[in-house]
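Per chain, numbering begins at 1; letters A, B, ... match sequence-line order.
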Protein chains: 2
Amino acid sequence: MIERHLMKVRARHAISDAEEQAIRNSVSEYRSHKADQTIIRRGERLHHSTLLLEGLMCRYKDLRSGKRQISELLVAGDFADLHSFPLKRLDHDIMTLTPCEVALVPHAHISDMIACFPRLGRIFWFLTTLDAAVHREWELSLGQRSGIARLAHLFCELYARLQITKLAENQSFGLDLTQTDLGESTGLTVVHVNRCLKELRTQGLVTFQSGQVTIHDLTGLRRLAEFDPAYLYLDGPYEID
Amino acid sequence: MIERHLMKVRARHAISDAEEQAIRNSVSEYRSHKADQTIIRRGERLHHSTLLLEGLMCRYKDLRSGKRQISELLVAGDFADLHSFPLKRLDHDIMTLTPCEVALVPHAHISDMIACFPRLGRIFWFLTTLDAAVHREWELSLGQRSGIARLAHLFCELYARLQITKLAENQSFGLDLTQTDLGESTGLTVVHVNRCLKELRTQGLVTFQSGQVTIHDLTGLRRLAEFDPAYLYLDGPYEID
DNA sequence: CGGGTGGTTGAGCTTTCTCAAATAGAGTGG
DNA sequence: CCACTCTATTTGAGAAAGCTCAACCACCCG
């Protein structure tokens, strides 16, 4: 099931059969995790990167008070911590939000791949800068968008990202999160998330019920969110010079 | 004046004389910019990266209403858009906040450097992931910290980052920003920034006046901000395998 | 001396939070 | 199949943080 990751790579860059094979061969091990498990802790020295094959995870940081901020949601096909390759240890924790299937890619294998296929080095670098682009868009949400627009934007982002791997189609996708998770993603309390969701429903834009997001008016949702997918860099393939 | 950039690199990684020379030789051109100029626009195809030698710049995104969110402050020694090397075009704008001196590094030179010195490839990659780490910490601020704590945290971050290049010493540093700039960095209105600064002053923690930040109680400021410098990865040097 | 920018303060308002309680649903053991 | 429990959702009411609007002040520069 590394296919989803390859779809994600190919959405931005053309890769050769040999490069694809190198990526497939880089996995050393497969693992399963239950929901709500912190699987990578900030500060620990890492020797492999984790590729999410199935399920939802998130990066988060928290304050002493227990207030938690999710800094990015990770979906099937995403590398959870490719940046641990250059960084060696993370500044944040990563946890599962649903049961997850992952593949482990030893840093040594990444090193070898890059040496063998320099283009893959650029592609991996690109993928980590994509995370930064998502962070910037979320900073805009957290700093300037209203509660309802933050949620609308989050749904637009997930819809766009899940379409890449065919996990979203026909204005709808499964999203097995609680309203608390949405709150921690958008910097809002559960109570306020609940009221904003109701408002989005009332306005006929989108419904979020029993793990399913259904977009009733994509244009309206995007307008409310001021969603511009440019930051997801999906208008590739990009050349590598 | 590329020295500041080298100090920043050396704070995390050991580099050889040859590598240092390669970095020095990579500059193709020097430029000056006035304050408040957008020097890199989102979406434009870039063929060089800009190294900030002197002055302050920021990345930002804005909404139709004109509300602007600064996603990162850039100080002397920082690459403004090293990520444009893998990304080709940016998802955000970059503007000067003060008059600035910059050096341009053509992407072709970066490509050559990496080919010649693979370790530099890793170091540059590291630098771009560092920006993402700052973004994540700001997401935590924007989503969960109070106004006063956001400002306190910002001052702590800048103090730590400016110390690397000796631009901050003795609990004090020059910071030629307006309160509006601070507001756009912290997701607060100018009026509220003003009141929070007053509160920080009253509590004897820090003063921000006429372009100068003076920290009166670093321990107290850090406690209020819950500042943990781990995300700046300053406890190097890190090895590269 | 006048205009412009940036800082400061007041007053009222809005969004969002907090606290609290009621409701709904899924899963479990009897 | 039902009572029980646990978690998640929903709603109400009051409080607080932060926003808006507006005015005034200070300083710098020409």
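Taking only side-chain nitrogens and oxygens, Gln179(B) comes nearer than 4.0 Å to OP1 or OP2 of dT8(C).
Taking five base pairs at each end of the helix from dC1(C)-dG30(D) to dG30(C)-dC1(D), the local helix axes there meet at an angle of 40°, rounded to 10°.
Rounding to whole angstrom units, CD1 of residue Ile148(B) and P of dA16(D) are separated by 17 Å. If you measure from atom CG of Leu151(A) to atom C1' of dT9(D), you get 15 Å, rounded to the nearest angstrom. One atom, CG of Asp176(B), and another, P of dG7(C), lie 10 Å apart when rounded to the nearest Å. Atom pair Leu142(B):CG and dT16(C):P shows a separation of 14 Å (rounding to whole Å applied). One can place CD of Gln209(A) at 12 Å from C1' of dA24(C), the figure rounded to the nearest angstrom.
Nucleic acid contact for Ser210(A): none, since no nucleic acid atom lies under 4.0 Å from a heavy atom of the residue.
There is no side-chain donor-acceptor pair under 3.5 Å between Arg42(A) and His92(A). With 3.5 Å as the limit, one finds no donor-acceptor pair spanning the side chains of Asp131(B) and Thr128(B). For the residue pair Glu139(B) and His135(A), a side-chain donor N or O sits within less than 3.5 Å of a side-chain acceptor on the partner. Judged by distance alone, the side chains of His216(B) and Gln171(B) never bring a donor and an acceptor atom under 3.5 Å apart. In this structure, a donor-acceptor pair under 3.5 Å is absent between the side chains of Thr96(A) and Gln37(A).
Here the nucleotide nearest the side chain of Arg201(B), chosen from dT8(C), dA8(D), dG7(C), is dT8(C).
One finds no salt bridge joining Glu199(B) and Arg195(B) here, because no Lys/Arg side-chain nitrogen approaches an Asp/Glu carboxylate oxygen to under 4.0 Å. Salt-bridge annotation for Lys8(B) and Glu3(B): absent, with no side-chain N of the basic residue lying under 4.0 Å from a carboxylate O of the acidic one. We find that Asp91(A) and Lys61(A) are joined by a salt bridge, their nearest charged nitrogen and carboxylate oxygen being less than 4.0 Å apart.
Where Phe208(A) and Lys67(B) each meet DNA chain D at their nearest nucleotide, the meeting point lying more 5' is that of Phe208(A).
Residues of residues 185-200 of chain A that place a heavy atom closer than 4.0 Å to DNA chain D, in numerical order, are Val191(A), Asn194(A), Arg195(A), Lys198(A).
Taking the ring axis of Tyr60(B) as reference, the NZ or CZ atom of Arg68(B) stays within 45° of it and closer than 6.0 Å to the ring centre.
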